[in-house]
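Quick notes on the structure that follows.
These numbers come from the heavy atoms of this one structure, side chains and all, not from hydrogens, waters or symmetry mates.
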Amino acid sequence: MDRLRGERQENYSMGAESIGNSMGGRDAGADDAIDGPVIFSCSKCRTILGDTFAYVASIPERNYFGLQAVPDSVVCSPKCKTSSERGEEGSTYYELSCGECHQQVGRKYLTTTREIDTIRGTFALDIQKVITYELGKCLGNKLASSDVPPPEFYTSVAFREDLGMVKNNVTAIAAKLQKLEQAIMRLPQANTSPRSAPPPGGRKRSSAHGLNPDIYHVDSPK
C-alpha cells in the first residue's frame with residue numbers, strides 16, 4: 001500500500017510539474033510551483049474541461065498535455081483529420097472543442113509519430129487554449145506552516161486500483177460466508193418436538209409393570 005501511495009504521489013507531482021513548465025517555464029523548486037490539483041477551463045468561456053487527476057503525459061515543446069478522461073463539456077469531432085505539421089506528419093486525430101463556445105481546445109490522436117506517441121489515445125488539450133486554477137492556492141502559506149500533513153492526491157488510475165482491491169476483498173468475504181452457510185445447513189437438525197412433563201406433585205408410572213405410561217399417579221397426602 002505504501003508503494004502504491006508513493007507511485008500515485010510521484011505520478012501526480014510529475015503531472016503538475018510538466019503542466020507548470022508548459023504554462024510558463026516554472027522551476028520545480030520555485031515558490032510558485034504547482035503543489036495541488038489543477039482544474040482546466042476553456043480560455044474563452046471558462047467551461048471546465050478537466051483536471052490533473054486524469055493526467056497521463058505532456059509534451060511541453062508542443063504545448064499539449066494528455067488526459068485519460070474529460071467531462072461531457074469536451075466534444076470530439078466525428079471527422080478524422082491528417083496532420084501535416086512538422087514533427088507529426090501523417091498523424092491522424094479528431095479535433096476536441098468546448099461544448100459551450102465551440103472553441104477548439106485540443107486533439108485526440110488516433111495514430112502518431114514517435115515524438116508524440118505518449119499522448120496517443122488521450123484527450124490532448126492545448127495549454128494555450130485553457131486557463132488553470134490550482135485548488136488550495138488561496139490559502140497561501142497557511143497550509144505549509146500548519147502541522148496538518150499534506151493530503152494525498154489520487155489519480156483516476158490509482159482510484160481504480162483501490163476500488164479493485166476493495167472488490168476483491170468483498171468477493172472473498174462473500175465466498176467465505178457462503179461456505180459457512182453451507183456448513184450450517186449440513187449440520188444435523190436438533191429434535192424440537194415437545195415433551196410431556198408430569199404435573200406438579202406427580203410422577204409417571206413405569207411401563208415395566210405393565211401400566212400405561214401416560215397415566216400419572218398422585219401421592220396422597222400423609
Side-chain angles (χ1 to χ4, degrees), residues 8-9 11-26 28 30 32-85 87-88 91-112 115-140 142-143 150-163:
R8 295 176 193 142
Q9 190 67 31
N11 180 57
Y12 174 82
S13 299
M14 290 173 60
E17 179 182 352
S18 297
I19 294 169
N21 291 338
S22 299
M23 293 197 64
R26 292 180 178 178
D32 58 352
I34 297 177
D35 298 318
V38 175
I39 295 176
F40 307 110
S41 302
C42 174
S43 61
K44 186 175 181 181
C45 67
R46 305 300 192 268
T47 299
I48 293 178
L49 305 176
D51 55 64
T52 48
F53 286 104
Y55 171 82
V56 177
S58 62
I59 305 180
E61 57 272 15
R62 302 198 68 87
N63 292 327
Y64 279 119
F65 61 93
L67 304 179
Q68 67 177 0
V70 291
D72 295 337
S73 55
V74 178
V75 179
C76 184
S77 172
K79 184 179 179 180
C80 184
K81 295 185 177 181
T82 302
S83 177
S84 58
E85 298 178 15
E88 57 179 74
S91 299
T92 56
Y93 63 92
Y94 298 97
E95 288 185 349
L96 301 178
S97 60
C98 173
E100 293 295 327
C101 66
H102 309 294
Q103 174 184 227
Q104 183 180 347
V105 295
R107 298 175 177 180
K108 185 174 184 179
Y109 284 93
L110 184 62
T111 60
T112 61
E115 289 77 3
I116 60 173
D117 190 61
T118 54
I119 59 174
R120 176 170 51 87
T122 68
F123 297 89
L125 300 184
D126 187 344
I127 198 66
Q128 296 180 341
K129 299 295 181 65
V130 301
I131 58 175
T132 62
Y133 176 74
E134 180 185 353
L135 298 181
K137 194 67 174 180
C138 60
L139 295 176
K142 292 182 180 179
L143 184 61
E152 295 180 355
F153 303 114
Y154 277 23
T155 63
S156 56
V157 174
F159 177 77
R160 284 199 298 270
E161 289 177 353
D162 278 355
L163 191 61

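For R120, the salt bridge (charged side-chain N to carboxylate O under 4.0 Å, His left out) criterion is met by D117, not counting sequence neighbours. The ring pair (Phe, Tyr, Trp, His ring centres under 6.0 Å) search around Y93 returns Y109, not counting sequence neighbours.
When all heavy atoms of G106 and Y64 are compared, the pair lying nearest together is CA-CE2, 4.3 Å. Contact record, Q104 with K129: O-NZ, 3.4 Å, taken as the closest heavy-atom pair. For S83 against R107, the heavy-atom pair with the smallest separation is OG-NH1, 4.0 Å. Heavy atoms only, all atoms of each residue included: I116 and S91 are closest at CD1-OG, 4.1 Å.
For the side-chain contact (heavy atoms from CB on, under 4.5 Å) with Q103, the lone residue among S43, S97, C45 that qualifies is S43.
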E115 and R62: salt bridge (charged side-chain N to carboxylate O under 4.0 Å, His left out), yes or no, with the steps? CA-CA 10 Å; E115 289 77 3; R62 302 198 68 87; over 6 Å; no
Step by step, would you call V56 with I119 a side-chain contact (heavy atoms from CB on, under 4.5 Å)? CA-CA 8 Å; V56 177; I119 59 174; over 6 Å; no
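Between the CZ atom in R46 and the SG atom in C101 there is a gap of 10.0 Å [rounded to 0.5 Å]. With rounding to the nearest 0.5 Å, the separation of OG1 in T122 from CG in L67 is 7.5 Å. Separation of atoms OG1 (T132) and CD1 (I127) is listed at 6.5 Å; rounding is to 0.5 Å. Rounded to the nearest 0.5 angstrom, D51 CG and Y133 OH are separated by 14.0 Å. To the nearest 0.5 angstrom, D126 atom CG is 8.5 Å from F65 atom CZ. Considering CD1 of I131 and CD1 of I39, their distance stands at 11.0 Å, rounded to 0.5 Å.
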Using atom types as modelled, flag every donor-acceptor pair under 3.5 Å from a side chain in residues 69-81 to any protein atom, sequence neighbours excluded.
unit_1	atom_1	unit_2	atom_2	d
S73	OG	I48	O	2.6
S77	OG	K79	N	3.3
K81	NZ	E95	OE2	2.8

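Counting heavy atoms from C-beta on, the side chains of T112 and E88 never come closer than 4.5 Å.
Side-chain atoms of T52 come within 3.5 Å of backbone atoms of V38 as a donor-acceptor pair (strictly under, hydrogens ignored).
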